[in-house]
A.B. asks: 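One structure coming up, written as structure tokens, with questions to follow.
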Amino acid sequence: MCPGHDRREFFFSGTNTAVPQDAQNPTTVAQPARPLLEVTSLSKHFGGLKAVEAVDLTVNEGAIFAVIGPNGAGKTTIFNCLTGLYAPTAGRVRFKGRDITGLKPHKVIAVGMARTFQNIRLFGGMTVLENVMVGTHCRMTGGVAGALLRTPGAKREESWCARRAMRLLEFVKLEGMADQWARNLPYGSQRRLEIARALAAEPDLLLLDEPAAGMNPAETDELMKLILQIRTRNMTILLIEHHMKVVMGISDRIAVLDYGMKIAEGTPAEVRCNPRVVEAYLGKDDACLEI
């Protein structure tokens, strides 16, 4: 059985995706005081280009924390530094009280941090169910020999992970597409599948990189409901998003980047009408950002 599954088995045990009344308005959910992720003076330079410069972030347990900013502001670079794709030039990353600065991607997943990507990265030649099962890899105990020899233990583990993957597909409303090739799914469904695969790693922190990109209004509304439902299952979410309706509608707290530096942080209401934020987005002194 996959190690660590008990700590989040309740997350996968139900298929009801209705959003509780208190989750429909994120302002009604109290912010926990204990930080889950602490980023201190994080910088990433590519030669003379300072993609990220001295950024501080603190994400509390149970929160939905959004990082926004114009194109090229350094948002995805921060995600890449957090998840081990890039080694930071300077600064520290602490997760659950542990320094994970520069940790390799497979080790970052193992400690409880999983992500999606701005450009969808599914295995198109695998089924929808198999794509989610891939996400369980870091929690599996069987070795290569057991898989090749098809030992009873390996068969039991594979069966358990398949059932678990199907419950996740039910959670994101893709159970009817389990046997389809991932490449044949509509775009919005591919986004939900990528989220399901990330959830299969049993993360404490889920990083979503522009999950609403390319979605139509109906798909965007469903995505917002899904993210809120994930949060009610005792999970913390760090979000990059350009869609202001999504950002302002579900976030507890927002940090704003411009040219690699953090220029503002606060609640959605505070950030939306911050003069520096408005200028960074619109290039002029306007009242507030449009939602």
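Keep in mind that this is a model prediction, so the values were computed, not measured.
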A.B. asks: Considering non-hydrogen atoms only, spot the tightest contact between T101 and V93 and give its length.
C.D. replies: OG1-N, 2.8 Å
A.B. asks: Answer with yes or no whether the hydrophobic clustering places I195 together with Y187; edges join I, L, V, M, F, W, Y residues whose side-chain heavy atoms lie under 4.5 Å apart.
C.D. replies: yes
A.B. asks: Hey, does R94 have a side-chain heavy atom less than 4.5 Å from the side chain of T40?
C.D. replies: no
A.B. asks: Would you compute the distance between atom CG of L169 and atom CE of M133 and round it to the nearest 0.5 angstrom?
C.D. replies: 10.5 Å
A.B. asks: Do you know which two heavy atoms are closest between L257 and I78, and how far apart they sit?
C.D. replies: CD1-CD1, 3.5 Å
A.B. asks: Under 4.0 Å between a Lys/Arg side-chain N and an Asp/Glu carboxylate O for R253 and E265?
C.D. replies: yes
A.B. asks: Do any N or O atoms from the side chain of D209 and from the backbone of I240 form a donor-acceptor pair under 3.5 angstrom?
C.D. replies: no
A.B. asks: Below 4.5 Å, heavy atoms only, C-beta onward: do M113 and K96 meet side chain to side chain?
C.D. replies: no
A.B. asks: Please report the interatomic distance CE(M215) to CD(E210), rounded to the nearest 0.5 Å.
C.D. replies: 12.0 Å
A.B. asks: Considering residues at least two apart in sequence or located in another chain, which fulfil the side-chain hydrogen bond (donor to acceptor under 3.5 Å, both in side chains) criterion with D258?
C.D. replies: none
A.B. asks: Would the distance check show the side chain of E241 and the main-chain N or O of A66 forming a donor-acceptor pair, the cut-off being under 3.5 Å?
C.D. replies: no
A.B. asks: Going by heavy atoms in the side chains, are K262 and L57 under 4.5 Å from each other?
C.D. replies: yes
A.B. asks: Check for me, please, whether M166 and L226 land in the same ILVMFWY cluster - side-chain distances under 4.5 Å, paths through other members count.
C.D. replies: yes
A.B. asks: Sub-3.5 Å donor-acceptor pair from the side chain of E194 to the main-chain atoms of L122, do we have one?
C.D. replies: no
A.B. asks: Side chain to side chain contact (heavy atoms under 4.5 Å, CB included), that's the test. Do D204 and E61 meet it? Break it down for me.
C.D. replies: CA-CA 9 Å; D204 295 293; E61 289 183 345; over 6 Å; no
A.B. asks: How long is the straight-line distance from CZ of R92 back to CD1 of I100, given to the nearest 0.5 Å?
C.D. replies: 10.5 Å
A.B. asks: Can you find a heavy atom in the side chain of P203 that is under 4.5 Å from one in the side chain of M235?
C.D. replies: yes
A.B. asks: Between L37 and L82, is there a side-chain heavy-atom distance shorter than 4.5 Å?
C.D. replies: yes
A.B. asks: Can a donor-acceptor pair be found, under 3.5 Å and without considering hydrogens, that links the side chain of T77 to the backbone of V52?
C.D. replies: no
A.B. asks: Can you tell if the side chain of E219 reaches within under 4.5 Å of the side chain of R192, non-hydrogen atoms only?
C.D. replies: no
A.B. asks: Within 45° of the ring axis of F117 and under 6.0 Å from its six-membered ring centre, is that where the NZ or CZ of R115 lies?
C.D. replies: yes
A.B. asks: Knowing that exactly one of L206, I64, I250, T236 qualifies, which makes a side chain to side chain contact (heavy atoms under 4.5 Å, CB included) with R231?
C.D. replies: I64
A.B. asks: Which heavy atom of L168 sits nearest a heavy atom of V132, and at what distance?
C.D. replies: CD1-CG1, 4.0 Å
A.B. asks: How many angstroms lie between CG in N131 and CG in L174, if you round to the nearest 0.5 Å?
C.D. replies: 11.0 Å
A.B. asks: Check whether any side-chain N or O of Y281 sits under 3.5 Å from a backbone N or O of G69 as a donor-acceptor pair, and report yes or no.
C.D. replies: yes
A.B. asks: Which heavy atom of T58 sits nearest a heavy atom of F65, and at what distance?
C.D. replies: O-CE1, 3.5 Å
A.B. asks: With hydrophobic residues grouped by side-chain heavy-atom distances under 4.5 Å, do V278 and Y259 end up in a single group?
C.D. replies: no
A.B. asks: Looking at M261, I want to see if its CE is surrounded by more than 12 non-hydrogen atoms of other residues, nucleotides or ligands under 6.0 Å.
C.D. replies: no
A.B. asks: With rounding to the nearest 0.5 Å, note down the distance linking CG in D179 to OG1 in T127.
C.D. replies: 6.5 Å
A.B. asks: Taking NZ, NE, NH1 and NH2 as the nitrogens, is one of them in K225 or E222 under 4.0 Å from a carboxylate oxygen of the other?
C.D. replies: yes
A.B. asks: Atom CG in L199, atom CZ in R164: separation rounded to 0.5 Å?
C.D. replies: 9.0 Å
A.B. asks: Could you state whether V108 and L85 fall into the same hydrophobic cluster, counting links through intermediate Ile, Leu, Val, Met, Phe, Trp or Tyr residues with side-chain heavy atoms under 4.5 angstrom apart?
C.D. replies: no
A.B. asks: Should S41 and D56 be marked as a side chain to side chain contact (heavy atoms under 4.5 Å, CB included) after you check the CA-CA gap, both sets of side-chain angles, and the distance that decides it?
C.D. replies: CA-CA 5 Å; S41 298; D56 295 330; 3.8 Å; yes
A.B. asks: Any side-chain heavy-atom pair from H242 and N71 closer than 4.5 angstrom?
C.D. replies: yes
A.B. asks: Could you report the tightest heavy-atom contact between Q118 and R191, atom names first, then the distance?
C.D. replies: O-NH2, 2.8 Å
A.B. asks: Under a 4.5 Å side-chain heavy-atom rule over Ile, Leu, Val, Met, Phe, Trp and Tyr, are V111 and L205 clustered together?
C.D. replies: yes
A.B. asks: With side chains defined as the heavy atoms from C-beta onward, is the minimum distance between L238 and V67 less than 4.5 Å?
C.D. replies: yes
A.B. asks: Restricting to non-hydrogen atoms, name the atom on K44 and the atom on C81 that form the minimum distance, rounded to 0.1 Å.
C.D. replies: CB-SG, 3.9 Å
